[in-house]
Amino acid sequence: MPRKQRRYPLTPSSPTIKSPLPSPPIFASLSFFFSKETKMGRDELCITVPSLFHCPISLDVMNSPVSLCTGVSYDRSSIQHWLDSGHDTCPATMQVLSSKDFVPNLTLRRLINLWTSSNSSPSTADLEEKVMAWIEEINNAKPERCLDSIVEFASRGEVNRSLLASFDGFLETIVGVLSINGMQIRVLESVVRILSLILLENGVNEKLHKLILKSSSNSSCLPSFISILRNGSLESKMACFTVLESVTTNNESKRFIAGVENNFLPVIIHLIKIDNDNQELHDVVLSFLIAVSVARSIKSQLVQLGIVEVLSNMMSSKNAAISVVEKSLKILSMVCTCADGQSALSGDQKCAGAIVERLMKVSKTATEDAVVVLWSMCCLFRDEKVVEKVARSNGVTKVLLVMQSEVGEGNYVRRMCGDLIKVLRFGCKNVGGFSGAVSYETKTTHIMPC
Ligand SMILES: *[C@@H]1O[C@H](CO)[C@@H](O)[C@H](O)[C@H]1NC(C)=O
Ligand SMILES: *[C@@H]1O[C@H](CO)[C@@H](O)[C@H](O)[C@H]1NC(C)=O
Ligand SMILES: *[C@@H]1O[C@H](CO)[C@@H](O)[C@H](O)[C@H]1NC(C)=O
Ligand SMILES: *[C@@H]1O[C@H](CO)[C@@H](O)[C@H](O)[C@H]1NC(C)=O
Ligand SMILES: *[C@@H]1O[C@H](CO)[C@@H](O)[C@H](O)[C@H]1NC(C)=O
């Protein structure tokens with residue numbers, strides 16, 4: 001390889017020009033310190049600059065690496081300044097130089113260029129160009145071509161997500177895909193995945209609320225969500241709930257989404273019936289059901305779809321996660337005061353026993369929910385079958401324990417426990433009416449027959 005050499009005229013050493021470096025021993029320790037610093041900073045900055053790329057003099061990544069005859073490489077301007085100020089040593093090794101020539105280290109330069117281009121983030125203009133091209137492809141009815149790239153893009157970094165979220169027309173375009181009939185399930189899944197990724201960005205929630213729920217009368221997105229809940233992957237199903245729960249923010253939208261005409265609740269109940277041991281999915285589904293059960297008609301629909309039996313099975317399962325049990329109790333407390341809920345509870349073989357079994361093994365709030373259900377069944381509706389089941393499950397002792405615990409202190413729960421114990425000990429027929437029973441006011445339920 002031809003060595004292209006270039007001589008730099010030496011200026012005589014002048015006392016007024018200060019050496020760019022401290023005295024040699026300090027330099028050595030400084031250089032050690034800095035190379036160590038780079039390594040330590042790595043994890044925090046998530047940038048790994050190979051130490052070879054730093055100029056030993058300036059400590060910056062080299063623009064134009066050149067090598068001295070000692071084999072050590074420096075940035076051209078740094079070493080030139082060093083030699084120009086009269087030194088005749090190699091700054092890193094302190095060897096006296098037999099020649100002050102240096103040659104460009106092209107290999108190193110190429111490596112640095114390669115590294116720099118692969119590590120610098122593309123400019124905002126490039127990214128916007130990209131998003132624009134995607135929107136165009138989707139508008140040209142070819143969403144399947146680019147959705148995977150968008151998912152990848154949105155998974156990588158906050159900058160990308162906020163760009164997508166604020167990009168004019170982006171949300172409208174991808175939500176539009178959801179309202180196209182007969183779209184492939186994979187395409188729908190990608191869209192929902194993208195929505196779940198950018199959901200937390202500024203303003204997305206409000207926009208999505210409008211796009212998904214307001215457009216519903218004409219071109220609805222809900223059938224697409226239903227398709228995913230029926231045929232999608234578990235991950236996409238979870239993403240559906242994330243998106244739906246975050247956009248159903250007011251009573252109007254909850255009533256809409258859970259309305260009979262949308263056929264949504266049957267799909268959800270079916271989902272947890274068939275996938276009967278996935279606690280993570282159960283948890284998400286139950287949260288959603290709690291959130292949307294804002295009307296008597298919705299609760300009634302849930303009961304008709306067999307929610308009591310589903311919850312009863314969930315609570316009886318040994319593998320049930322505590323949060324799933326707690327949410328089950330919450331939903332039971334929401335449906336137990338209605339006649340159809342009561343009759344479903346009355347007819348279920350396992351439910352009362354499962355509730356008693358869990359009574360003291362859940363959070364305070366869930367224990368309160370459990371007491372509401374038992375009280376409603378035994379004292380409000382005077383269901384003898386349930387009273388018998390609760391008594392057989394050692395209910396008296398358990399309810400007494402609740403009464404003595406902090407759960408029962410100073411609120412309606414304590415009074416309900418008192419009522420329950422009377423009924424469990426003496427039977428429904430032998431206990432008189434509960435004064436003020438129908439006016440027990442809980443945090444979530446106004447206890448009265450409906
Ligand atoms: C270029 O720099 C690298 C790393 O410092 C070194 O290993 C290599 O020998 C240098 N090449 C030349 C031609 O000096
Ligand atoms: C944004 O996505 C692009 C392409 O997928 C990626 O190269 C870039 O690193 C991402 N930006 C950030 C900040 O992660
Ligand atoms: C929805 O349909 C009604 C008539 O059925 C129409 O007047 C309205 O413009 C449509 N809205 C949208 C957003 O397409
Ligand atoms: C989706 O699932 C339903 C029932 O769960 C099934 O009848 C239908 O054939 C499936 N569709 C596709 C495209 O797999
Ligand atoms: C929503 O519905 C619930 C239950 O019907 C009711 O208690 C609540 O006040 C309603 N909220 C609004 C903002 O209307």
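Numbering of ligands and ligand atoms starts at 1, following listing order.
Residue-ligand proximity: G71 is placed with every non-hydrogen atom at 4.0 Å or more from ligand 1.
Closest of all the heavy-atom pairs between V386 and C378 is CG1-SG, 4.1 Å. E189 and S233 get closest at one heavy-atom pair: OE2-N, 2.8 Å.
Between the side chain of S67 and the main chain of S73, no donor-acceptor pair closer than 3.5 Å is present.
Using a 4.0 Å cut-off between a side-chain N of Lys or Arg and a carboxylate O of Asp or Glu, R156 and E152 qualify as a salt bridge. A salt bridge links E368 with K364: at least one charged nitrogen is closer than 4.0 Å to a carboxylate oxygen. Note on E309 versus K273: no salt bridge recorded, every NZ/NE/NH1/NH2 to OD/OE distance being 4.0 Å or above.
Among the atoms of E152, none of the N or O lies under 3.5 angstrom from an N or O of ligand 2.
For atom 4 (C) of ligand 2, the nearest non-hydrogen atom from the set R161, K130, E158 belongs to K130. Scanning L108, V72, L68, N105 for the heavy atom closest to atom 6 (C) of ligand 1 points to N105.
Those atoms of ligand 1 that come under 4.0 Å of a heavy atom in S73, given as number and element, are 1 (C), 2 (O), 5 (O). The G157 neighbourhood of ligand 2 comprises atoms 14 (O), with distances under 4.0 Å to a heavy atom of that residue.
For atom 14 (O) of ligand 5, the closest non-hydrogen atom on the protein side is N251 ND2, 3.2 Å. When hydrogens are left out, the protein atom nearest atom 5 (O) of ligand 5 is V294 O, 2.8 Å; that is the closest non-hydrogen contact.
Few gaps surround CG on N140; more than 12 heavy atoms of other groups in view lie less than 6.0 Å from it.
Within a 4.0 Å radius of atom 2 (O) of ligand 5, the protein contributes at least one heavy atom.
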